Amino acid sequence: MDHGGHKRTQRGTTKARYWLMKSEPRAFSIQDLQKAPRQTTCWDGVRNYQARNFMRAMAIGDQIFFYHSNAEPPAIVGIAEVVREAYPDHTAFDPRDTHYDSKSTPEKPLWDMVDIRLIRVFDTPITLTRLREDFHVKHMELLRKGSRLSVQPVRAEEWRHILTLAAKKPY
DNA sequence: GCCAACGTTGGC
DNA sequence: GCCAACGTTGGC
């Protein structure tokens, strides 16, 4: 039963989807997410069309690798899940915000965000170096030369493989 | 701090 | 529509 006039968009019985989202830990780290109310945050500030479109494709329950970019070391540091599907990113409306964009207005929003909730922080971050050494994940968007996409899909087999890495001892 | 790769902007 | 200039991303 659905109340409040909200469209029910949760992906019923179809397969879960997997994603990877980048954040610079100096701006917002997975530890910040851990400390946030309900361990939930809105993912604001995405100003790239491809990344935005991937967020628009997300459904409640989709799972996300939380990646630390521009970090020492760059690494997948944990898992989160989508708890609210794409809605307008209000930070684009605020001229004082660093992510302000005059092309986006409340009447015609251009940029969206989703809400995500922490599932877990890996004991051992899976570093970019380690991923590069692993042929199981060689086709990941993250590893493509010159790739800068901050929101990107992850294949189910890549997701499963990386979870097994996270369960192992570091090397 | 450096710089390659990328996306966007704007002049023409 | 082309493309140079510019700003940003993000590994190193």
Side-chain angles (χ1 to χ4, degrees), chain A residues 17-36 41-58 62-82 86-116 118-155 157-159 161-166 168 170-171:
Chain A
R17 287 197 198 173
Y18 305 105
W19 310 92
L20 180 146
M21 288 171 130
K22 297 178 184 174
S23 186
E24 300 199 14
R26 273 158 294 202
F28 188 82
S29 69
I30 200 164
Q31 286 75 26
D32 293 327
L33 180 57
Q34 212 166 17
K35 286 178 281 188
T41 189
C42 60
W43 204 262
D44 63 337
V46 171
R47 298 292 180 270
N48 169 283
Y49 289 101
Q50 212 181 343
R52 180 203 67 182
N53 292 344
F54 283 135
M55 286 202 296
R56 286 181 174 176
M58 290 179 180
D62 283 6
Q63 294 194 282
I64 300 158
F65 282 138
F66 197 113
Y67 178 81
H68 279 171
S69 61
N70 246 310
E72 189 47 54
I76 296 173
V77 291
I79 302 173
E81 68 175 329
V82 177
Y87 62 104
D89 179 348
H90 57 80
T91 66
F93 309 147
D94 180 359
R96 291 175 308 273
D97 195 283
T98 49
H99 298 294
Y100 173 66
D101 183 353
S102 61
K103 297 192 298 302
S104 188
T105 64
E107 295 72 34
K108 278 194 103 180
L110 182 60
W111 303 113
D112 280 0
M113 56 190 181
V114 295
D115 288 357
I116 71 167
L118 181 68
I119 295 179
R120 75 179 168 108
V121 180
F122 290 159
D123 296 328
T124 309
I126 310 302
T127 65
L128 183 61
T129 308
R130 191 172 183 187
L131 291 170
R132 286 200 192 286
E133 290 168 352
D134 192 330
F135 73 94
H136 288 100
V137 295
K138 66 179 172 192
H139 296 303
M140 282 187 83
E141 169 67 22
L142 182 70
L143 306 183
R144 258 191 47 236
K145 182 177 164 66
S147 172
R148 299 188 319 187
L149 250 190
S150 65
V151 179
Q152 51 183 264
V154 172
R155 293 175 190 84
E157 57 270 27
E158 294 161 348
W159 180 271
H161 182 72
I162 290 168
L163 285 190
T164 68
L165 296 182
K168 288 178 189 161
Y171 61 30

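Fair warning: this is a prediction, and the values are worked out from it, not measured in the lab. In what follows, every chain begins at residue 1, and chains take the letters A, B, ... in the order their sequences are listed. Excluded from the calculations below are hydrogen atoms, water molecules and symmetry mates; all remaining heavy atoms, backbone and side chain alike, are included.
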Peer 1: Tell me: CG of A/Leu143 to P of C/dG10, nearest whole Å?
Peer 2: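 In whole Å, C/dG10 P and A/Leu143 CG are 14 Å from each other.
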Peer 1: List the residues meeting side chain to side chain donor-acceptor pair (under 3.5 Å) with A/Glu24, not counting sequence neighbours, and say none if there are none.
Peer 2: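 A/Glu24 satisfies side chain to side chain donor-acceptor pair (under 3.5 Å) with A/Asn70 only.
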Peer 1: Could you pull out the protein-nucleic contacts involving nucleotides 4-9 of chain C (nitrogen or oxygen on both sides, under 3.5 Å)?
Peer 2:
{"from": "C/dT8", "atom 1": "O2", "to": "A/Arg148", "atom 2": "NH1", "distance (Å)": "2.6"}

Peer 1: Who are the side chain to side chain contact (heavy atoms under 4.5 Å, CB included) partners of A/Arg148, not counting sequence neighbours?
Peer 2: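 By the side chain to side chain contact (heavy atoms under 4.5 Å, CB included) rule, A/Arg148 matches no residue at all.
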Peer 1: I'd like to check the salt bridge (charged side-chain N to carboxylate O under 4.0 Å, His left out) partners of A/Arg26; sequence neighbours left out, ordered by chain and number.
Peer 2: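 Partners of A/Arg26 by the salt bridge (charged side-chain N to carboxylate O under 4.0 Å, His left out) criterion come out as none, since no residue qualifies.
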Peer 1: The criterion is side chain to side chain donor-acceptor pair (under 3.5 Å); which residues satisfy it with A/Asp44, sequence neighbours excluded?
Peer 2: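 Expected list: none.
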Peer 1: Hey, which sits more toward the 5' end of DNA chain B by its nearest nucleotide, A/Lys145 or A/Tyr49?
Peer 2: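 Nearest-nucleotide comparison on DNA chain B picks A/Lys145.
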Peer 1: Taking only residues two or more places apart in sequence or in another chain, which ones pass side chain to side chain donor-acceptor pair (under 3.5 Å) with A/Arg52?
Peer 2: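 None.
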